[in-house]
Amino acid sequence: MNPQPHTLLVNPTITSRHSARFPLSLLHLALSLDRVGSSRIVDGNLDRDVVDATLRALDERACTAVGISVMGGPHVAPAIAISRAVRAHRPELPIVWGGYFPTLYTDTVLAAPYVDYAIRGQGEDSLRELVDALHAGDASRLPTISGLSWKHEGGISHNPARAFSRNGPPTLLPYDKLGDPRRYLARTYLGRRTVAHQAAVGCRFHCTFCGVAAMFGGATALPPAARLDRDLTYLKHELGADSVQYFDHNFFDREQDMIPLLEVMARHELPWWCFARADALLNLSESSWKLVRRSRLRMAYIGAESPSPTMLKEIRKGTRPDQTMAVAEACRRHGVIPEFSFMVAPPENTEEETEHTFEFIRALKRVNPQSEIVIYIYTPLPDSSRHEKDRLRHPTATLRDLHGEPVVFPSTPDEWTQKHWVDYACHADAPWLSEKLRQRIDDFVTVLRCRYPTVQDLRSPPWAKRTLAAAASWRYRLRRYDRPWELTLANRLVRLRLPQAEGL
Ligand code: B12
């Protein structure tokens, strides 16, 4: 047996090899685990035969536990395959799931025979304490580990939630554990070697549809400027990154707290992308916008969600449609491309809301034609998966399918791998969506993305984009979205990029 705990951390395959970015969750966990033991990372985005790579790693060195990172949607099926294979290969080895899926669907995850422990929320401290207790063979410590849910006396025990940690990584992440970290830098519209990084953690808002609200319950923490400087210095000078995609939950917070961070970024001159909110950007003073420009912000992903004030209130978004319009205009003036995401087809007034959103998008395009548009189907989280504070204070109405029957969410991870549930998790389909409306949405998206091809598409040559834009323009102008067969055909040849399928 190892004198110290050793943990195998696995990221199930979710992207193509080319789209693989740093598995930040596992790097954060490894940094914490290595304080008291050791760890190894298997990244299924690079190791394409992830089951085989996991079993080989187990044969090479005895482990205290295997930790698997799982998001909802297409991550679940490979996570199950890995877990089943580990169980068959080493039946006695504890299997721990962590990340958004087990945080939001803890009981569902623990209903599976191949998961022993689920960690809810931030995992650094919880996993380290769990692995330590398992290594010591001391089951009496399990009830004391905050954020842990586990199988116990024939049932499931949920320990109290762990308090939000503002600490952030005390040192650089252990990038070298990934082999050559430069393999994770990729060509994007931001640069030739774009890197993924997380600077701020959490989000202070409570949107009912968002996994981040369910995970953090409205808490947020920005990094100290010195830490951001340390990280950017390494990414730029050691790894050769020339641009950054911030995987923060919400980058812009209060203006005075952002200024020192923007100053660091302006010094590094790395073009960047981030998640942001309309209200936060609109609150920036002219001098801060100047700093934003100097820091080289290229694109900000802004959740516009809906043009309906009632719906925005219902989903607790905290922004208004006029702010969406105003931020489109502000971004145009300051040379930042806004990438707006919308959620169409809500369970109530499904068709009207969808048509209303199409008209709003057209108006937005008139204000700022560069606006990028991402369209999702509104698929709220089940009440049971929301943060306990929000669940009690703001319960959501029962969701009903097309036949008026209540929507029953899956009760096992295997059920979540069925196509219609993967689509639900990816905001691509909902049980209340009729075939006719689904087609209407697909048609609108086809016409829109041909008319305005995304700048994020580096694959299609400019002439192809221009040809498609010209071919789509009469349909767009006359609102003739129905059955754009000629665009679908042309698209098949050109394969324009679809941000909602290929983005975050
Ligand atoms: C990078 C990313 C991806 C990458 C995949 C990353 C990978 N695993 O290789 C890609 C681009 C593929 C992706 C895809 C999707 N994503 Co995504 N993605 C993110 C993003 C931007 C960052 C995640 C990250 O790296 N965070 C940094 C690390 C440090 O934090 P973390 O992952 O949360 O890890 C911590 C804890 O979760 C926990 N933890 C995590 N893993 C483990 C494992 C163990 C064993 C333990 C103990 C703990 C633990 O501890 C970690 C440290 O504290 C988040 C939003 C965000 N800012 O977090 C969305 C997010 C996770 N994605 C989400 C979703 C829904 C998706 C999609 C499934 C759907 C969609 N339309 O967006 C798509 C799939 C698209 C498709 N059609 O295939 C949601 C999940 C919420 C939910 N409802 O389930 C998020 C929160 C976005 C959102 N606001 O809705 N995504």
Side-chain angles (χ1 to χ4, degrees), residues 7-16 19-33 39 43-46 65-76 78-79 94-105 115 117-131 145 147-148 162 164-165 167-169 173 184 196-203 205 207 209-216 245-251 273-275 301 303 341 343 374-377 379-382 385-386 416 422-428 498-504:
T7 312
L8 182 63
L9 296 168
V10 188
N11 183 27
T13 308
I14 188 169
T15 66
S16 66
S19 301
R21 299 292 182 270
F22 284 145
L24 291 173
S25 48
L26 301 189
L27 287 170
H28 280 78
L29 297 169
L31 183 64
S32 170
L33 291 169
S39 62
D43 182 3
N45 290 339
L46 285 192
V66 176
I68 304 180
S69 182
V70 197
M71 297 187 341
H75 228 187
V76 180
I95 299 177
V96 189
W97 278 26
Y100 280 89
F101 188 65
T103 299
L104 272 54
Y105 306 102
V115 185
Y117 301 95
I119 301 275
R120 304 169 342 253
Q122 293 168 291
E124 290 88 339
D125 295 333
S126 308
L127 183 62
R128 195 188 56 246
E129 290 171 21
L130 172 62
V131 167
I145 302 174
L148 173 69
R162 185 169 287 274
F164 176 64
S165 164
N167 299 340
L173 294 176
Y184 287 87
H197 182 60
Q198 182 181 37
V201 185
C203 173
F205 296 88
C207 310
F209 58 89
C210 183
V212 173
M215 172 87 97
F216 295 98
Q245 193 166 21
Y246 287 90
F247 281 0
D248 293 20
H249 305 93
N250 177 28
F251 191 89
W273 175 100
C274 70
F275 290 104
Y301 185 105
S341 72
M343 302 191 307
V374 183
I375 295 182
Y376 288 118
I377 308 296
T379 51
L381 295 174
S385 70
R386 292 172 56 209
W416 270 108
V422 173
D423 285 347
Y424 191 96
C426 289
H427 311 290
L498 191 60
Q500 48 268 56
E502 299 174 42
L504 299 173

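Numbering of ligands and ligand atoms starts at 1, following listing order.
Ligand 1 has no nitrogen or oxygen under 3.5 angstrom from a nitrogen or oxygen of Gly73. The N/O atoms of Asn11, backbone and side chain alike, include one that comes under 3.5 Å of an N/O atom in ligand 1. Checked against a 3.5 angstrom limit, the closest N/O atoms of Arg21 and ligand 1 fall outside it. Every N/O-N/O distance between Leu29 and ligand 1 stays at or above 3.5 Å.
Between Phe216 and Cys203, every side-chain heavy-atom pair lies at or beyond the 4.5 Å cut-off. Contact check for Ser126 versus Leu148: no side-chain heavy atoms found under the 4.5 Å cut-off. Here the side chains of Asn45 and Pro23 are not in contact, with every heavy-atom distance at 4.5 Å or above. Considering only heavy atoms from C-beta on, Arg162 comes within 4.5 Å of Ile145 through its side chain. The shortest distance between side-chain heavy atoms of Asn250 and Val212 does not fall below 4.5 Å. Asn11 is not listed as a side-chain neighbour of Phe22, based on a closest heavy-atom distance of 4.5 Å or more. In this structure, Met215 and Tyr100 have side chains that are in contact, with non-hydrogen atoms separated by less than 4.5 Å. Between Leu24 and Leu173, some side-chain heavy-atom pair lies under the 4.5 Å cut-off.
The proximity of Gln198 to ligand 1, defined as any non-hydrogen pair under 4.0 Å, is limited to the side chain. Heavy atoms of Gln122 found under 4.0 angstrom from ligand 1 belong to the backbone as well as the side chain. The backbone and the side chain of Ser25 each have at least one atom closer than 4.0 Å to an atom of ligand 1 (non-hydrogen atoms only). Looking at Thr103 against ligand 1, nothing comes within 4.0 Å, counting heavy atoms.
The contact set between ligand 1 and Leu104, taken as ligand atoms under 4.0 Å from a residue heavy atom, comprises 82 (C), 83 (N). For ligand 1, the atoms closer than 4.0 angstrom to any heavy atom of Thr15 are 12 (C). Within ligand 1, the atoms closer than 4.0 Å to a non-hydrogen atom of His249 are 56 (C), 57 (N), 58 (O), numbered from 1 in the order shown. Close approach to Ile14 involves these atoms of ligand 1, each under 4.0 Å from a residue heavy atom: 5 (C), 7 (C), 9 (O), 12 (C). Here is the list of ligand 1 atoms found below 4.0 Å of a heavy atom in Asp248: 57 (N). Residue-ligand proximity, Cys210 to ligand 1, at heavy-atom distances under 4.0 Å covers atoms 89 (N). Close approach of ligand 1 to Gly67 is summarised as follows: ligand atoms under 4.0 Å from at least one heavy atom of the residue are 45 (C). Short contacts between ligand 1 and Gly211, defined as distances under 4.0 Å to a heavy atom of the residue, involve ligand atoms 81 (C).
Scanning Cys426, Ala214, Gly303 for the heavy atom closest to atom 71 (N) of ligand 1 points to Cys426. The closest non-hydrogen atom to atom 39 (N) of ligand 1, taken over Ala79, Ser69, Cys274, Gly99, comes from Gly99. The option from Cys207, Ala213, Gly98 that lies nearest to atom 42 (C) of ligand 1, judged by heavy atoms, is Gly98. Considering His75, His28, Glu124 only, the shortest heavy-atom separation from atom 53 (O) of ligand 1 involves Glu124. Among Leu24, Leu46, Ile119, the residue whose heavy atom lies nearest to atom 47 (C) of ligand 1 is Ile119. By heavy-atom distance, the residue among Pro169, Gly121, Cys203 lying nearest atom 36 (C) of ligand 1 is Gly121.
Ligand 1 has Met215 within reach: a non-hydrogen atom of the residue lies less than 4.0 Å from it. Residue contacts with ligand 1: Phe101 is excluded, as none of its non-hydrogen atoms falls under 4.0 Å. Contact between Ser165 and ligand 1 is absent, with no heavy atom of the residue lying under 4.0 Å from the ligand.
For the side-chain contact (heavy atoms from CB on, under 4.5 Å) with Ile119, the lone residue among Asp125, Leu130, Thr103, Leu29 that qualifies is Leu130.
The backbone N or O of Tyr184 lies less than 3.5 Å from no partner atom in the side chain of Arg21, so there is not a single donor-acceptor pair. Of the possible polar contacts, one joining the Asp248 side chain to the Ala199 backbone as a donor-acceptor pair under 3.5 Å is found. Of the possible polar contacts, none joining the Ser19 side chain to the Ser16 backbone as a donor-acceptor pair under 3.5 Å is found.
Across all their heavy atoms, Leu381 and Tyr105 have their closest contact at CD2-OH, 3.9 Å.
Taking the six-membered ring for Trp and thresholds of 30 and 60 degrees, Phe275 and Trp273 have ring planes more than 60 degrees apart, a perpendicular arrangement.
When ring centroids are compared, Phe101 and His75 stay outside the 6.0 Å threshold.
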